[in-house]
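Following: one structure in structure tokens, then a few remarks.
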Amino acid sequence: MTERPPQLELADLLRRHDVSGPRYTSYPTADRFVEAYQGAQHLQALRQRGTAQPLSVYVHIPFCEQLCYYCACNKIITKHHERAAPYLDTLTREMDLVAGALGGPAPVSQLHLGGGSPTFLSDAELTELMARLRQRFKLLPGAELSIEVDPRTVDLTRLTHLRGLGFNRLSFGVQDFDTAVQKAVHRVQPLEQVAALMQHARELGFSSTNVDLIYGLPLQTPASFARTIAQVAELRPDRIAMYAYAHLPQRFKPQRRIVAELLPPAGDKLAMLSGAISALLGEGYDYIGMDHFALPDDPLAVAKRQGLLHRGFQGYSTQPDCDLVGLGVSSISRVGATYAQNAKTLEEYEDALNQQQLPVQRGLALNRDDLLRRAVIMALMCQGRVEFESIAASYLVDVPSYFASELARLAPMAAQGLVSLEPGAIQVTPLGWYFVRAVAAVFDRHLQADASRERFSKII
């Protein structure tokens, strides 16, 4: 079980480190991608990769019936379900191009459907989508097949259908159970509805359920969010992801509908976070890192204890560090030492595929420094430890010399008890796991060179 930090010490440190920074689902982060990287480079990366090793596949379904005011995802709000069929056809053209470049059906150890709302699709459309994926990729026995679920769009019958399609993991978007908060963000879903779905998911044999929560939403208070945490803990999901709301109305148009005066002050937001951490640890959850918690017997918690965590665009994972193919509008791929992001608008995405071209709009080919820093940052984010000897052997650098300025910037964190600076390693302490994002940011060359971090959400 995760060690519980002293509440006053944790709250004080959270206040000190309340700054903006990346979530490090990649390094360099997506804001560093360049438009000079296009489909031709991604095609070459796929061809060089081939089908020898398993990969992860992400499919983006952008449609939602209803707008959630806090949302910063790439989505299309519509009640016209007939828009899904043409999108699936376009998606299939992308699958064909990717499978062709890979040289045939590549083995897949992890498949994730996200959005938007994947459950915007009808049962028949989900069946067709899975059939098309299986025709072009080889879903391995025991593969993780997960789907994001809007509780308002599924019932017990739909869950049964999802299980029949092979999905074994569900992620429920909850955010908050307080009725006033739900109305303020335009997402009303009763606790009883989610509880019934989670119970049925267990009966159907889904191996894992996740609940997403957000703190810092309008009308939330430390007391109201504590009630939501208690209700979620009673539901006993295998995993909980708890994100800080970042109010950036200048970047995300839906957030302009949120009344800024109703947002909780920074002190209350801090109290929500520290209170939730204490409560979830008290309920027996392990703290995984960043915003994630899991029951001790969940594979994610086991991987954390064994030093086998991995991190990618879908967050923490138990999967070996493998390439990711992103399909659909705005999806991001990671193939070898490259990143590629698809067009963000449906029109641009469709135009490229109508011309039989991969819809890549921007990306990045990593240089040696990027690869070195990615290794260090991911070691910190996932294992909480960087061994200088292994980094030196892989990248032929003298780590203390190469990262002299970074090690100097870690000294204050060491004094705060967040990291231990050993002669040949950096070790994140149990307390430091709550600030691992800030520790990793020390090694982010791009971020350290920035005069402003405003494009990122706050760590708290």
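Not measured: the values here are computed from a predicted model.
- Here R445 pairs with D370 in a salt bridge; the nearest charged N to carboxylate O distance falls below 4.0 Å.
- With hydrogens and angles disregarded, no donor-acceptor distance shorter than 3.5 Å links the side chain of Q66 to the backbone of R187.
- Residue H112 is tested with Q314, E148, H60, R169 for a side-chain hydrogen bond (donor to acceptor under 3.5 Å, both in side chains); the sole match is E148.
- Residues forming a side chain to side chain donor-acceptor pair (under 3.5 Å) with D238 (at least two apart in sequence, or on another chain): T209.
- M381 and R23 get closest at one heavy-atom pair: CE-O, 3.7 Å.
- With H42 contributing its side chain and A340 its backbone, the two residues share no donor-acceptor pair below 3.5 Å.
- Under the 3.5 Å distance criterion, the side-chain polar atoms of E65 are left unmatched by any main-chain donor or acceptor of F120.
- Within a 6.0 Å radius of CD in Q53, no more than 12 heavy atoms belonging to other residues, nucleotides or ligands are found.
- Judged purely by atom type and a 3.5 angstrom limit, E128 has no side-chain atom pairing as donor or acceptor with the backbone of A124.
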* To do: Let me see the working for D291 and Y215 under side chain to side chain donor-acceptor pair (under 3.5 Å), right down to the final yes or no.
  => CA-CA 11 Å; D291 327 280; Y215 65 95; 5.4 Å; no
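- With a 6.0 Å cutoff to the six-membered ring centre and a 45° limit on the axis angle, R437 does not count as a cation-pi contact of Y24.
- Looking at heavy atoms from C-beta onward, T338 lies out of side-chain contact with L366 at the 4.5 angstrom threshold.
- A donor-acceptor pair under 3.5 Å is absent between the side-chain atoms of N342 and the main chain of V329, judged by distance alone.
- Between F63 and Y87, the angle of the ring planes goes over 60°, which puts this pair in the perpendicular group of the 30/60° scheme.
- Residues L91 and M95 have side chains in contact (heavy-atom distance under 4.5 Å, counting atoms from C-beta outward).
- Under a 4.0 Å N-O distance rule, the pair R132/D96 does not qualify as a salt bridge.
- Residue Q356 qualifies as enclosed at atom CD: its count of foreign heavy atoms under 6.0 Å is above 12.
- Of the listed residues (Y434, Y316, W433), just one forms a ring-ring contact (aromatic ring centres under 6.0 Å, His included) with Y287, and that residue is Y434.
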* To do: Go through the steps for E144 and T318 under the test side chain to side chain donor-acceptor pair (under 3.5 Å), then give the verdict.
  => CA-CA 10 Å; E144 288 187 6; T318 61; 3.1 Å; yes
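- Here N354 pairs with R93 under the side chain to side chain donor-acceptor pair (under 3.5 Å) rule; sequence neighbours left out.
- The closest side-chain heavy-atom distance from F443 to I426 is below 4.5 Å.
- Using the six-membered ring where Trp is involved, H292 and Y243 have ring planes that are perpendicular, over 60° apart on the 30 and 60° scheme.
- Geometric assessment of R362 against the ring of Y37 yields a negative cation-pi assignment under the 6.0 Å and 45° thresholds.
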* To do: Report the C-alpha separation of Y245 and Q175 in whole Å, then their side-chain angles, then the decisive distance to 0.1 Å, and conclude whether the side chain to side chain donor-acceptor pair (under 3.5 Å) test is met.
  => CA-CA 10 Å; Y245 171 66; Q175 322 319 343; over 6 Å; no
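- Of the possible polar contacts, none joining the T153 side chain to the V149 backbone as a donor-acceptor pair under 3.5 Å is found.
- Judged by distance alone, with hydrogens and angles left aside, the side-chain atoms of Q193 form a donor-acceptor pair with the main-chain N or O of P151 at under 3.5 Å.
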* To do: Could you walk me through whether T119 and D150 pass side chain to side chain donor-acceptor pair (under 3.5 Å), step by step?
  => CA-CA 7 Å; T119 45; D150 180 343; 5.9 Å; no
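- Exactly one of V185, V259, V181 qualifies for a side chain to side chain contact (heavy atoms under 4.5 Å, CB included) with P218. That residue is V185.
- With sequence neighbours left out, the side-chain contact (heavy atoms from CB on, under 4.5 Å) criterion links I77 to C64, L67, K75.
- Closest approach of L43 and A101 over heavy atoms only: CD1-CB, 3.6 Å.
- By the 6.0 Å contact criterion, CZ on R409 is enclosed, its count of non-hydrogen atoms from other residues, nucleotides or ligands being greater than 12.
- Closest heavy-atom contact between A440 and L380: CA-CD1, 4.1 Å.
- Ion pairing between D286 and K304 fails under the 4.0 Å rule for side-chain N and carboxylate O.
- Ring geometry, H446 versus Y27: the interplanar angle falls from 30° to 60°, so the pair is classed tilted.
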